[in-house]
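One structure is given here, and the rest of the page talks about it.
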Amino acid sequence: MATDSQKYLSTRGGDHGLSFETVVLKGLAADGGLFLPHEVPIANEWQSWKDLSYADLALKILSLYISTDEIPTDALKAIIDRSYSTFRAEDITPVVHHQDNLYLLELFHGPSYSFKDCALQFLGNLFEYFLVRRNQGKQGKERHHLTVVGATSGDTGSAAIHGLRGKKDVTVTILHPKGRISPIQEVQMTTCTEKNVHNLAVTGTFDDCQDIVKALFGDPDTNETLKLGAVNSINFARILAQIVFYFYSYFKVAKQSPSFQVGDKVRFVTPTGNFGNILAGFFATKMGLPADKLVVATNENDILHRFWTTGRYEKNPVQDGGKSDACKETLSPAMDILVSSNFERLLWFLAKEHATANGQDSQSSKKQASQDIVTWYQALKSTGGFGPIHQSMLENGRLTFESDRVSDPETLATIKSYYQQSKYILDPHSAVGVTAAKRSIARAGEQTHHISLCTAHPAKFSDAVTSALEGEAGFNFEEQVLPEELKALLQKQTRVTTVENSWEAVREILKSQAEEDAKAEGA
Ligand SMILES: *Cc1c(COP(=O)(O)O)cnc(C)c1O
């Protein structure tokens with residue numbers, strides 16, 4: 001029997017009691033909301049997990065959210081083991097002591113060199129598991145074939161392709177803006193020449209690519225005939241997989257630092273875009289992990305920092321006159337967002353807890369939370385923002401969260417000073433985190449242990465890293481930063497189709513791909 005933490009609802013109130021499988025395959029709820037478990041499981045025994053391997057810890061945590069009726073323990077264990085066997089680091093997400101009480105959590109040792117592998121390796125194997133089961137004994141057109149379509153500014157696409165390459169009953173098509181992603185990111189995708197992988201270079205911007213994907217999902221005919229699947233960070237399975245490294249790194253710090261014991265409070269600092277990674281940290285704290293604060297680190301696209309400062313959630317700051325409806329291009333492109341898609345999930349919790357504090361029971365608190373979400377998101381859609389939210393809601397949120405905003409020049413300065421101090425080379429996203437971590441240490445005091453999340457390998461962002469370090473004596477990007485494996489990709493054969501900036505053109509390509517794939521599978 002599924003427990004309350006193994007059944008899922010929509011933040012907008014349209015769905016409840018859903019299975020994990022439905023949530024994973026659908027991605028987004030029919031009412032436009034995001035999926036959440038009915039309850040966050042409290043892990044009373046979490047301290048006993050301190051010596052587990054990454055995979056065993058993942059099994060403990062994920063089992064709380066996935067009923068054995070849906071995935072038996074042995075099968076879940078096999079999925080997890082397979083997902084993390086592709087990582088280059090033996091301990092999957094190593095923790096590196098930087099200085100004093102500052103630790104770096106390296107999340108970029110997966111196949112595509114960004115933290116997104118931690119979730120997308122798992123999601124790829126989950127998709128395959130569910131599809132193979134649905135398709136047992138079925139032939140040809142009867143088979144459930146999933147067409148995953150996504151837009152990328154670099155990291156999501158390569159992580160999704162590496163998570164899905166060669167998988168049965170699923171094809172993956174990734175749109176990237178032609179000529180506007182880094183050369184390494186491009187070959188990470190286009191050298192994956194498996195039959196089920198398709199790369200489309202769109203003659204347009206990343207926003208154009210996103211609009212095309214939205215149009216495809218919004219077209220009932222395409223959605224029906226192609227059975228579209230999403231891999232963007234709204235998929236709850238991605239959040240789930242990311243909870244693991246918060247626990248794991250906490251235990252690592254307890255082992256590495258003589259002045260930190262299991263049970264003590266730590267601060268996590270997470271470079272944030274769509275609020276997916278740090279939301280996983282929030283789940284970890286709800287489950288029982290002692291965190292003094294979760295620090296939201298944004299770049300100049302700072303909607304989240306503005307929210308924590310003012311309680312208002314708005315696309316454009318007032319001083320812009322609310323006009324420029326575009327996000328800034330920064331040195332940390334994976335965090336260049338106008339609104340954060342996962343923030344809706346946190347707002348739901350804040351609204352629910354507010355209702356509960358005002359005496360409503362669990363059922364009506366959830367109802368109230370959905371109503372608040374619907375109201376807020378209608379305002380976001382029609383006027384570009386909402387708030388300030390109720391002061392006590394905001395204060396409740398601030399018990400867990402702090403925020404900071406880091407500019408491009410500050411990012412470059414941090415990359416440079418870290419290199420000078422220790423020869424450690426940060427990528428620009430990780431540097432946003434570390435900059436915010438330094439300021440957090442100044443606020444909280446030296447004695448507070450900090451874990452700053454490093455979300456990408458510096459090789460993926462050669463422009464930023466080179467411009468920060470080119471003045472340094474002896475610095476050589478190719479020799480010091482670029483791993484052999486990535487160098488080798490630059491010599492490999494690539495496959496990519498250029499397509500005009502039109503969703504109908506992309507639709508036609510998808511349809512003919514689907515026909516070919518169906519033929520190949522029938523043969
Ligand atoms: C995706 C990404 C982020 C942002 O993660 P969110 O879950 O969207 O907050 C940060 N850094 C890198 C390198 C990324 O690829």
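Start at 1 and go down the list; that is how both ligands and their atoms are numbered.
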Inset, instruction - Compare all side-chain heavy atoms of L394 with those of P388 and state whether any distance is below 4.5 angstrom. - result: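 No; the side chains remain at least 4.5 Å from each other.
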
Legend entry - Within-4.5 Å side-chain heavy-atom neighbours: S340 and I337: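 Answer yes - side chains close enough.
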
Please identify which atoms of ligand 1 are closer than 4.0 Å to at least one heavy atom of [X].
X: M335; answer: 10 (C)
X: A456; answer: 13 (C)
X: G276; answer: 6 (P), 7 (O), 9 (O)
X: H429; answer: 11 (N), 12 (C), 13 (C)
X: T272; answer: 9 (O)

Legend entry - Minimum heavy-atom distance between S182 and K460, given as atom pair plus value: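 S182 and K460 have their closest heavy atoms at OG-O, 3.2 Å.
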
Inset, instruction - Measure from the side-chain N and O atoms of D117 to the backbone N and O of S112, and report whether any donor-acceptor pair falls under 3.5 Å. - result: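 Looks like yes, one N/O pair under 3.5 Å.
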
Can [X] and [Y] be counted as an ion pair, charged N to O under 4.0 angstrom?
X: D302; Y: R405; answer: yes
X: R82; Y: E128; answer: yes
X: R180; Y: E329; answer: no
X: R398; Y: E395; answer: no
X: E186; Y: K178; answer: no

Under 3.5 Å between some N or O of ligand 1 and some N or O of [X]?
X: D155; answer: yes
X: P271; answer: no
X: F275; answer: yes

Quick one: look up the protein heavy atom nearest [atom] and list residue, atom name and how far away it is.
atom: atom 2 (C) of ligand 1; value: K116 NZ, 2.4 Å
atom: atom 12 (C) of ligand 1; value: T455 OG1, 3.4 Å
atom: atom 8 (O) of ligand 1; value: N274 N, 2.7 Å

Legend entry - Among L107, N299, N342, N277, closest by any non-hydrogen atom to atom 7 (O) of ligand 1: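 Among L107, N299, N342, N277, the closest heavy atom to atom 7 (O) of ligand 1 comes from N277.
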
Legend entry - Pick from A297, A280, C454, G273: the one approaching atom 4 (C) of ligand 1 most closely through a non-hydrogen atom: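 Closest candidate by heavy-atom distance is G273.
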
Inset, instruction - Heavy-atom distances under 4.0 Å are what count here, so tell me which part of F115 touches ligand 1: side chain, backbone, both or neither. - result: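 For F115, only side-chain atoms sit under 4.0 Å from ligand 1.
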
